[in-house]
Structures are given as structure tokens and as C-alpha cells.
Amino acid sequence: MQSTGVLTANKLGQKKKSVRAKDLALRMKRHWQLYLLVFLPLVYLFIFKYIPMYGAQIAFRDFSIVRGFTGSEWVGLKHFNDFFNSPNFWMLIKNTLFISLYSLAVGFPAPIILALALNEVRSLRFKKTVQMVTFAPYFISTVVMVSMIILFLSPRLGFVDLIVRSLGMESINFMGVPGYFKSIFVLSNVWQGIGYGAVIYLAALAGINPDLYEAAKVDGASRLQKVLHIDLPGIMPAAIILLILNVGQIMNVGFEKIYLMQNPLNLSTSEVISTYVYKIGLLGANFSFSSAVDLFNSVINLILLLTVNYAARRFSDSSLW
Amino acid sequence: MSKPMAIKEPFGDRVFLFCVYVFLGLILIVVLYPLIYILSSSFSSPQAVISGRVWLLPVEPSLAGYKAIFQNPSVMTGYANSLFYTFFGVLINVTLTVMLAYPLSRSTFVGRNFIMVLLIITMMFSGGLIPYYLTVKMVGILDTRWAMLLPGALAVWQVIIARTFFQSTIPKELGEAAELDGCSDLGFLWRVVLPLSKPILAVLVLMYAVGHWNAYFEALIFLKSPDLYPLQIVLRNILILNSIDASMMVDANQMAARQGLRDLLKFSLIVVATLPVLAIYPFVQKYFVQGIMIGSIKG
């Protein structure tokens, strides 16, 4: 009795499965136009995203253009060893990490502070004005941004130098002093990105339950206490997500801006992994070695992202996955 | 204090609010001042600029810098090229983005999860600069206009934004009703979805357009011929590498005047390059904010 029961159940399952498969095929056939639509985008993804990923293996080969990605000779970890033992290794790691951590330490809290301050403002017009003005620099291109930095800091033309001289000091060639490079980079980033970054936090603040403020008012909380005990916890989830994403990018300090800001005088503090990869790889045509450097960089990024996401999941409710 | 207030705020709160306003006022100045300084300098005379007399308003107003720009062929070529790349780039971008995002938003689309995984993978891993460059080289579009259009034809992040929008604003029932009435998927996309999706199309166009207009990295690695250079590369050569060809110095004979014009030109160039974007910005800010919002719903 029992065995026949199992058998029929099994048969039923099989029947169900085949019905489902048929149903699936039918659905795919009925919606063939959707597959037509995704065809071109998928071809794009394949060529410009997946082939390069496949090509990353040249980090383990001695790449020659004639023999292609897979035909070149396999050399294992040779290029990685070369990189670890090169005299530049520690300088690159140090500069990359230092610039990132500095950016994170200053650039991460800045939009939060701006958003919290804006949220206190009662005059809608003032709030709108500040928001609009601080958002504007986001649209300035990297080339123009760096040009502005160089102009402002130039010993002859810039207003920064005017201020320095009016304070009775010697004029300084800021871009030529290695010790200033990181601060110039990070602070100008904050200048450019603070308004853009604040948008998400302002939205999170707008979504906070108004009852909380009412309750706080009844309890006699001051404005500052409301900020600390209602606003700050309210934007925590958004902040944690953004922090995870930022940490996952730690080793990717923007190539574009740093490369433009470099000059022979500040190279000792401004050379980072991405600019090194570009110079060695594309300008020096040292394809395999620079791919190895790049790959090493991506692996560290991935490990950092996974670690921070794991930590966030353990210690708070928000995480990427 | 003309308005009657029900309860006067406590002293501590007023001090706090005062500090907030001072802080925001300072930020306003710090962000605004460099922009005003650039604008004012660009409209001043070369002598005023090099002697550092410009600090807020234009000094000895002149259009010398702008005249020099419009007489420079490489700037004009760059401008035309950038317009070309932006227009066709955005056209390709938005088309491909919708083509991928719309099917992904349909629950009846078998295989959507698989494609989503494919997309997410590209966000987490990349082949790196060198394999990317070599791929473009193998495709055979190095140093052609296609190199500025095809390698960045699709941004995964915008696909996710568009998909989220389609999912949340196009009711499922609408699709089912259309299907019953014999409307094909393409017909539904064209006649129902797109007309309902104008806000997201605006967001996509703007985000992609700003990206194209400001891009210089692709041009730096893929282009070699000066007549293909977009504006940003021309700017870099003039503003950062300081290389100005002789044709730039039209009516300057003396060395000092030449130097002055060269400096002035930098300010005017910055204005000319940034103006198209900043001029439309106040009108489209809300779309940008919308874009950031949709992107953050499901990050």
C-alpha cells in the first residue's frame, strides 16, 4: 500500500516536472521578443566585460600579442613575485592605503554632517540654496577640477597663495611639495562630493518617523539630543551600506584624478597602484606584469569587501547580502 | 522676531541652531567662492589676472580669454567631438539600458535571475585595465570614434536603476491585460512602458550625458589621433600639461602679454567646458536626486 503510494507520488512529481518544463518552454516561446531585446546587451557584456575577465589570466603568462590570451606561455606567479620584490612595492601599497584611509576618514563623515546640519534648518529657501550650491561641483569634470586645483595653488596666480602671502609667509609651490599631495587630493574630493553624498542621508532623514520627534519634545530633549538620539540612529543603515561599499573600493583610489595631479616633484607620495599599472602596462607595454599588479589589487579589494560585509552582518542589521 | 511664537526655544537650542547656520554659511562660501573666482577671472584683463588683482568681481572687464578660445582650432574640434560622443553615446546607452532593464523587470521572463547574476558579477570583478585595453584592440576599434562609444555602451548600475523603476511603477496587471488583448511584448514596451517612464529616461539621459561630457579616461587610453580628441583631452593638454600651440597666440607679441593671455585662457576654458553642464543643472537637479534615490532603494 505504502509503496504504491510513494510510486504514484513519484509519478505525480515527474508529471508535474514535465508539465512545468513544458510550461517554461511555452512561456519562453510566448515571450520570445524579450529574448530578442536582451540579445544585444548580452553580447556587449560578453565582449567588453567577460572577455577582459577571461583575459586577466595574462597575469600568469608572458603575454605576446601574436599568441593571444590563452596562447602565451604560462609562467605562474613570476610577475607577482617580481612585483612583491620590486623596490616600488611598499611605496605603492603605502601610498594607496594611506590616501584611501585618509579619504574615508574625512570623506565619509562629511556628507553626514552636512545632511544633519541641513536637516536642522527651518528656512526652506536657505536649505534649498545650500543643497543646490553644494551639489553643483559634482558636475565638474576631473580635468577641470584638477586644473582648478593647480590654478588656485599656483605660486603666481592662485588666491590661496595670495592669502599665504598676505599672512606674511613665503609663497609655497603646493603641488610640488610631496607632503601636501594627499591633503590636497582628499580635501578637494570632499569639496566636490559633499553635496552629492548628502542626498542619500537627507532622504533617510526625511523618512524618520515624526512621532519620535514628538515623543522627544514631550520628554524635553534639546535639539542636539534629538540629532544624536533620533537622526543619527535613523541614518545608520544607509551609512553602514555606504561604508561597506567604500571599504570595498579602498584599493581603487581614482586613477583619473591622481594621474592628472601627479608631477615629477610629488611622485614619491602620489604614485598609487592604478597609476603605476597604467604607466608600466600601457605606456611601457609591459602587459603581463601590470596585469598581475592589477589583479593583486582587485583580490585585496574583494577580500576587504567580504570581510567588512561579514562584520556588518554580525554586528548590525544592515549588510549588502 | 515679528512672528509670534508659541513657546520660545530654550537658550541652548538657539545657540545650537546659530552654530548650524554659521557652519552652513561657511560651507556655502567655501563651495561658491572658487566658482565665482574662476568666473570673474575669466572676464578680467590678462594684466589683472597675472598681477592677482581679481578676488571677487571681474577687474578691467574684457573678453580676451574667450576670443583666444574661439580662435583656437583644437578647442573647437574638441568641442565638436565631445558633442558628437555625448549625443551618440547617450543614444546607444539609453537604448541598450532599456533593452536589458525592461525584460529583467518582467516576472514572466525566464532566466532573469541568471542575467542578474551575470550583471552583479561584472560589478564585483573586472579584468583590469590591460585586458580591457587588449580586448578593445582585438575588436579593432582602437583610435576610432567607436572606441568612445562601444566599450562603455552600458552601465550596470543604470540598468539596475531602470529595472527597479519599471518594477515599481508599471503594474503587473497592466502587462497581463495587454497580453490578453493580444499586445506583443515589444508593443507593450513601446506603447505603454516607455510613455510611462519619462522620469527614468530623463535620469538615464542626464547621468549618461554628464559621464560622456566629462570623460577623459577612455580617450586617454584608446585615442591617438588629435582630430578625434574630446574636449577633456584638449583641456588637459592646455590646462595641465601647459602645452599651447603657437596658433593660440594670435595677437600677442610681447612675452609678458603672451604669458598673461595664456593664464587668462585657462580660466575662460574652464568656464566654457563646464558651462553646458552647470547651466542645465538647476533645472535637472531633481532628476538626479531621483536617480540616486531609486538606486539606493535596492543597493
Side-chain angles (χ1 to χ4, degrees), chain A residues 24 27-28 31 33-34 37-38 40-41 44-45 47-49 51-53 55-56 58 114 117-118 120-121 130 132-137 139-144 146-148 150-152 156-157 159 162 191 199-200 203 222-224 241 256 260 277-278 281-282 287 290-291 294-295 298 302, chain B residues 10 12-13 16-17 20 23-24 27-28 31-32 34 37-38 52 55 96 99-100 102-103 106 108-110 115 118 122 125 127-135 151 153-154 184-186 210 214 216-217 221 232 235-236 239-240 263 266 270 273-274 277-278 281-282 285 289 292-293 296 299:
Chain A
L24 216 67
R27 252 165 65 190
M28 287 176 76
H31 294 289
Q33 289 181 333
L34 296 181
L37 278 175
V38 295
L40 221 50
Y44 164 79
L45 282 182
I47 295 180
F48 291 106
K49 301 280 179 188
I51 289 184
M53 251 185 252
I58 62 170
L114 177 63
L118 277 173
E120 289 302 304
V121 171
V130 175
M132 191 149 128
V133 169
T134 52
F135 198 128
F139 295 96
I140 294 174
S141 76
T142 315
V143 175
V144 168
V146 174
S147 315
M148 284 169 62
I150 293 175
L151 276 176
F152 293 157
R156 216 160 29 82
L157 286 170
F159 66 78
L162 277 178
W191 182 82
V199 170
I200 276 188
S222 73
R223 275 176 177 274
L224 185 63
I241 296 282
E256 300 202 357
L260 291 173
V277 167
Y278 172 73
L282 284 191
F287 293 134
S290 63
S291 289
D294 218 0
L295 194 61
S298 322
L302 194 65
Chain B
D13 276 2
F16 177 68
L17 208 56
V20 165
F23 171 72
L24 288 176
I27 288 192
L28 201 60
V31 174
L32 211 49
Y37 179 78
I38 294 269
W55 64 276
L96 284 185
M99 281 167 76
L100 186 54
Y102 167 67
R106 294 283 298 262
T108 46
F109 180 59
V110 180
I115 295 178
L118 280 185
T122 65
F125 306 94
L129 174 67
I130 307 296
Y132 182 52
Y133 171 82
L134 292 172
T135 306
L154 190 72
S184 70
D185 288 319
L186 282 179
V210 171
N214 286 344
Y216 96 100
F217 183 66
I221 60 177
Q232 300 296 332
L235 289 181
R236 168 177 176 249
L239 293 169
I240 295 170
D263 289 330
K266 293 182 176 175
I270 289 178
T274 316
V277 184
L278 279 189
Y281 153 66
Q285 188 197 12
V289 171
I292 303 173
M293 294 295 110
S296 66

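Values reported hereafter were calculated over all heavy atoms of this structure, with side chains retained and with hydrogens, waters and symmetry mates removed. Each chain gets a letter, A, B and so on, in the order its sequence line appears, and its residues count up from 1.
For chain B, the option among A:V121, A:I140, A:T134, A:I47 with the highest count of heavy-atom pairs below 4.5 Å is A:V121. The most heavy-atom pairs under 4.5 Å with chain A, out of B:L100, B:L186, B:L28, come from B:L186. Chain A forms more heavy-atom pairs under 4.5 Å with one residue of B:I38, B:L24, B:V277, B:L278 than with any other, namely B:L24. In terms of heavy-atom pairs under 4.5 angstrom with chain A, the leader among B:I115, B:I221, B:T108 is B:T108. Looking only at heavy-atom pairs under 4.5 Å with chain B, the residue among A:L151, A:L295, A:V146 that has the most is A:L151. In terms of heavy-atom pairs under 4.5 angstrom with chain B, the leader among A:S298, A:S290, A:P137 is A:S290. When the candidates A:A203, A:A136, A:S291 are compared by the number of heavy-atom contacts under 4.5 Å with chain B, A:A136 comes out ahead.
Only the side chain of B:Y133 comes within contact range of chain A, judged by heavy atoms closer than 4.5 Å. Looking at A:L260, the atoms closer than 4.5 Å to chain B (heavy atoms on both sides) sit in the backbone and in the side chain alike. For A:F287, the parts lying near chain B are the backbone and the side chain together; criterion is any non-hydrogen pair under 4.5 Å. Using a 4.5 Å cut-off between heavy atoms, A:I150 touches chain B through its side chain atoms alone. Interface residue B:F217: backbone and side-chain heavy atoms are both found under 4.5 Å from chain A. Contact of B:L235 with chain A is made through backbone and side chain together, with heavy-atom distances under 4.5 Å. Of the atoms belonging to B:L129, heavy atoms from both backbone and side chain fall under 4.5 Å from chain A. For A:L224, the parts lying near chain B are the backbone and the side chain together; criterion is any non-hydrogen pair under 4.5 Å. For a residue to count as touching a neighbouring chain, one of its non-hydrogen atoms must lie under 4.5 Å from one of that chain's; by this rule B:I27 touches chain A with the side chain only. With a threshold of 4.5 angstrom between heavy atoms, A:L302 approaches chain B through side-chain atoms but not through N, CA, C or O. With a 4.5 angstrom heavy-atom cutoff, A:F159 touches chain B via backbone and side-chain atoms both. Interface residue B:V110: backbone and side-chain heavy atoms are both found under 4.5 Å from chain A. Interface residue B:A273: only side-chain heavy atoms are found under 4.5 Å from chain A. Contacts of A:I58 with chain B are made by side-chain atoms alone, with heavy-atom separations under 4.5 Å and no backbone atom involved.
Of all heavy-atom pairs spanning A:M53 and B:F125, the tightest one is CE-O, 3.7 Å. Considering every non-hydrogen atom in both A:A117 and B:V20, the closest pair reads O-CG1, 3.4 Å. In terms of heavy-atom proximity, B:L17 sits nearest to A:E120 at CD1-O, 3.8 Å. The heavy-atom pair separating B:L96 from A:P41 by the smallest distance is O-CG, 3.7 Å. Among all heavy-atom pairs drawn from A:P52 and B:P131, the shortest one is O-CB, 3.3 Å.
For B:Y132 and A:F48, the distance between ring centers is not under 6.0 angstrom.
Proximity of B:F109 to A:V38: side-chain heavy atoms (C-beta onward) are separated by under 4.5 Å at one or more points. Counting heavy atoms from C-beta on, the side chains of B:I270 and A:S147 come closer than 4.5 Å. A:L282 is not listed as a side-chain neighbour of A:V277, based on a closest heavy-atom distance of 4.5 Å or more. Between B:T274 and A:S141, the closest side-chain pair of non-hydrogen atoms is not below 4.5 Å. Looking only at side-chain heavy atoms (C-beta outward), B:P34 and A:F152 come within less than 4.5 Å of each other.
When atom types are taken as modelled, the side chain of A:D294 and the backbone of B:G128 share no donor-acceptor pair closer than 3.5 angstrom.
In this pair, B:Y281 and A:F139 present their aromatic rings tilted. The plane angle is within the 30 to 60° band.
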